[in-house]
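One structure is given here, and the rest of the page talks about it.
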Amino acid sequence: MQKQIKAYIYCRIGEGGSRNLMDFQADALEEYALKNNMNVIGVIKEMSEGKWLDSFEMNFLTNAIRKREINVVLVYCRSRISIYIDIVDEFEMFCHAYHVQLLSIKDYMISQLI
């Protein structure tokens, strides 16, 4: 029997950004999850500058990771976690410590073109 993959979708746009962009991210990630037999546990949508990992939404996500409720965090691209690459790397190391994979579908789409 195949282990079920439990995923959280995390979407973020900049403050003052278009809600349509947020919906585009969520729709693309939900479609990816469906095609890859992932069970979406929740969808987090956030409007922020994307600098630090101290928002209510990010705290909710990190708590789900700590409680081992999920196996995967799906993002459209890694910059949705933070605009600072070292913060993204720190978040990815945190995920790795709890055996959670951070998946960017943009990275996946680029790899399919090569």
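Computed from a predicted structure; not experimentally measured.
- Note on Ile5: it does not cluster hydrophobically with Tyr8, by side-chain heavy-atom contacts below 4.5 Å among ILVMFWY residues.
- A 4.5 Å side-chain heavy-atom check between Arg78 and Ile85 finds at least one atom pair inside the cut-off.
- Listed for the Arg12 side chain is a donor-acceptor partner under 3.5 Å among the backbone atoms of Ser48.
- Note that the NZ atom of Lys45 and the CD1 atom of Ile13 stand 9.5 Å from one another [nearest 0.5 Å].
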Could you please spell out the steps behind the side chain to side chain contact (heavy atoms under 4.5 Å, CB included) verdict for Met38 and Tyr32?
CA-CA 8 Å; Met38 295 180 186; Tyr32 177 86; 3.9 Å; yes
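- The aromatic rings of Tyr84 and Trp52 are tilted relative to each other, their planes meeting at an angle between 30° and 60°.
- Inter-residue side-chain proximity for Leu34 and Val40 is flagged as unmet; no heavy-atom pair is nearer than 4.5 Å.
- Side-chain atoms of Ser82 come within 3.5 Å of backbone N or O of Lys51 as a donor-acceptor pair.
- In this structure the side chain of Ile9 never reaches within 4.5 angstrom of the side chain of Ile44, judged on heavy atoms.
- Within the model, atoms NZ of Lys35 and CD1 of Ile105 stand 9.5 Å from one another, a figure rounded to the nearest 0.5 Å.
- Evaluated for a side-chain hydrogen bond (donor to acceptor under 3.5 Å, both in side chains) with Tyr10, the options Glu46, Glu57, Arg80 yield exactly one hit, Glu46.
- Separating the NE2 atom in His96 from the CD1 atom in Ile65 is a distance of 13.5 Å, to the nearest 0.5 Å.
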Can Arg19 and Met47 be said to form a side chain to side chain contact (heavy atoms under 4.5 Å, CB included), step by step?
CA-CA 9 Å; Arg19 287 266 182 212; Met47 289 183 87; 3.7 Å; yes
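- Listed here is the closest heavy atom pair of Glu69 and Ile41: O-CG1, 4.4 Å.
- Rounded to the nearest 0.5 Å, atoms CD (Glu92) and OG (Ser104) are 10.0 Å apart.
- For the pair Leu61 and Ile70, the minimum side-chain heavy-atom distance is below 4.5 Å.
- Residue Phe60 is not grouped with residue Leu29 when hydrophobic side chains (ILVMFWY) are merged at heavy-atom distances under 4.5 angstrom, including chains of intermediate members.
- Residue Val88 comes nearest to Ile81 through the heavy atom pair CG2-CB, 4.2 Å, listed as atom of the first residue, atom of the second, then distance.
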Decide side chain to side chain contact (heavy atoms under 4.5 Å, CB included) for Phe94 and Arg66; before the verdict, give the C-alpha distance in whole Å, the side-chain angles of both, and the deciding distance to 0.1 Å.
CA-CA 9 Å; Phe94 170 78; Arg66 278 189 192 98; 3.9 Å; yes
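- In this structure, the side chain of Asn71 engages the main chain of Lys6 through a donor-acceptor pair within 3.5 Å.
- Interatomic distance, Phe24 CZ to Cys11 SG, rounded to the nearest 0.5 Å: 10.5 Å.
- Counting heavy atoms from C-beta outward, Val100 and Arg68 have side chains that stay 4.5 Å or more apart.
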Please lay out, stage by stage, how Val73 and Leu103 fare under the test side chain to side chain contact (heavy atoms under 4.5 Å, CB included).
CA-CA 6 Å; Val73 175; Leu103 283 179; over 6 Å; no
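- Partner Phe91 forms a side chain to side chain contact (heavy atoms under 4.5 Å, CB included) with one of Asp86, Thr62, Val75 and no other, that one being Thr62.
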